[in-house]
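Accompanying notes for the structure given below.
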Amino acid sequence: MLKDLMSKEFNGELTEGEHNATLTSWQYVANKDNPEKDYIKFTFSVDNNGIQQTYNRNQFERDVSIMLSHLRRQLGRSNETIKPKDFFEGLIKNKTEFKIWIEYTTVATQKGMRRVQNLHFQPALAAAPTETSTEDSPLTD
């Protein structure tokens, strides 16, 4: 309701780049019409330039799979077999701190260009440097 909106804080946008975060809750949201559209609503506590704020993010199956893989790698647990529910509950219970990376990009949609926010659980890979030949190029007359 509008009355509720007007009486609560409206958080600033997360800045682009690396942030410290903890998972504070998660909730499985089922789509009764199409199970392929089920998602998990995650709530994080994020340090946004020295200000601790709540950040909510809905993640679908592919997103959750990537998140699990990258978080396990980040936390040195990539070789462990886990149950996702237990993994998330453990992060909450232990107040496990991890890194997230926020990136803003502009993408083309059917309705035109749109600015989107991407959430990553590992840093972007640096572009591979281009190799230059050290051989002398042939001289031509």
Side-chain angles (χ1 to χ4, degrees), residues 1-140:
M1 293 174 52
L2 181 57
K3 183 178 181 181
D4 294 335
L5 174 69
M6 298 306 292
S7 64
K8 67 179 187 179
E9 288 185 1
F10 198 76
N11 287 329
E13 177 177 88
L14 292 178
T15 57
E16 198 162 26
E18 180 181 309
H19 298 272
N20 291 326
T22 56
L23 181 63
T24 58
S25 68
W26 66 278
Q27 175 187 3
Y28 189 95
V29 180
N31 183 311
K32 65 181 178 181
D33 298 326
N34 185 351
E36 290 185 15
K37 293 184 180 179
D38 290 1
Y39 64 91
I40 297 178
K41 177 184 178 184
F42 289 99
T43 301
F44 302 93
S45 178
V46 178
D47 180 342
N48 190 24
N49 292 323
I51 299 170
Q52 207 65 30
Q53 70 184 63
T54 299
Y55 173 64
N56 295 310
R57 182 67 177 229
N58 296 338
Q59 302 274 77
F60 293 91
E61 182 178 5
R62 181 174 179 269
D63 304 318
V64 173
S65 178
I66 292 168
M67 176 183 172
L68 286 165
S69 176
H70 291 182
L71 268 179
R72 288 189 317 163
R73 188 175 306 135
Q74 185 183 148
L75 298 172
R77 299 175 61 183
S78 60
N79 293 324
E80 283 183 38
T81 299
I82 62 165
K83 290 185 179 179
K85 290 179 179 182
D86 295 340
F87 181 76
F88 293 140
E89 290 301 322
L91 293 178
I92 294 167
K93 180 182 176 186
N94 298 321
K95 298 181 181 177
T96 304
E97 191 170 284
F98 49 86
K99 304 280 186 195
I100 63 170
W101 286 263
I102 300 294
E103 171 191 46
Y104 294 98
T105 59
T106 304
V107 297
T109 69
Q110 291 179 346
K111 295 181 180 181
M113 299 304 285
R114 180 173 167 222
R115 181 175 183 254
V116 296
Q117 179 191 70
N118 293 318
L119 170 64
H120 304 283
F121 294 91
Q122 68 179 21
L125 297 174
T130 55
E131 291 188 33
T132 55
S133 176
T134 57
E135 295 177 13
D136 292 331
S137 53
L139 297 175
T140 57

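If you're wondering where the values come from, they're calculated on a predicted model, not measured in any experiment.
Going from atom CG of Asp47 over to atom CG of Asn49 covers 7.5 Å, rounded to the nearest 0.5 Å. The CD atom of Gln122 lies 8.5 Å from the CD atom of Gln74; values are rounded to the nearest 0.5 Å. Rounding to the nearest 0.5 Å gives a distance of 10.5 Å between CG of Leu119 and CD1 of Ile66. Of the inter-residue distances, the one linking Ile51 atom CD1 with Leu14 atom CG reads 11.0 Å to the nearest 0.5 angstrom. The distance from the CG atom of Leu75 to the CZ atom of Phe87 is 5.5 Å, given to the nearest 0.5 Å. Here CD1 of Ile100 is found 4.5 Å from CD1 of Ile102. Values are rounded to the nearest 0.5 Å.
Here the shortest heavy-atom pairing between Phe60 and Lys37 reads CE2-O, 3.5 Å. Residues Glu13 and Tyr104 come closest through the heavy atom pair CG-OH, 2.9 Å. Nearest heavy atoms, Thr15 versus Asn48: N-OD1, 3.1 Å. Among all heavy-atom pairs drawn from Gly90 and Thr96, the shortest one is O-OG1, 4.1 Å. A pairwise comparison of heavy atoms in Arg73 and Ser78 identifies CA-CB, 3.9 Å as the closest pair. Across all non-hydrogen atoms, the minimal contact from Ile92 to Leu23 is CG1-O, 3.4 Å.
Heavy atoms of other residues, nucleotides or ligands lying less than 6.0 angstrom from CE of Met113 number more than 12. Enclosure of atom CD in Glu9 is not indicated, since only 12 or fewer non-hydrogen atoms of other residues, nucleotides or ligands lie within 6.0 angstrom. Other residues, nucleotides and ligands place no more than 12 heavy atoms under 6.0 Å from the CG atom of Asn79.
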Quick one: do Tyr39 and Asn31 satisfy side chain to side chain contact (heavy atoms under 4.5 Å, CB included)? Show the steps, please. CA-CA 8 Å; Tyr39 64 91; Asn31 183 311; over 6 Å; no
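Classified by interplanar angle (parallel below 30°, tilted 30° to 60°, perpendicular above 60°), the ring pair Phe42/Phe88 is perpendicular. Relative orientation of the Phe44 and Phe121 rings is tilted, given thresholds of 30° and 60° on the angle between their planes.
In terms of the side chain to side chain donor-acceptor pair (under 3.5 Å) criterion, residue partners of Asn20 (sequence neighbours excluded) are, by chain and number, Lys99. Residues passing the side chain to side chain donor-acceptor pair (under 3.5 Å) test with Arg57 are Tyr55, Gln117, sequence neighbours excluded.
Residues His120 and Glu103 have side chains in contact (heavy-atom distance under 4.5 Å, counting atoms from C-beta outward).
Without hydrogens or angle criteria, Asn118 side chain to Thr105 main chain gives no donor-acceptor distance under 3.5 Å. Formation of a donor-acceptor pair under 3.5 Å by the Thr24 side chain with backbone atoms of Thr43 is found in this model.
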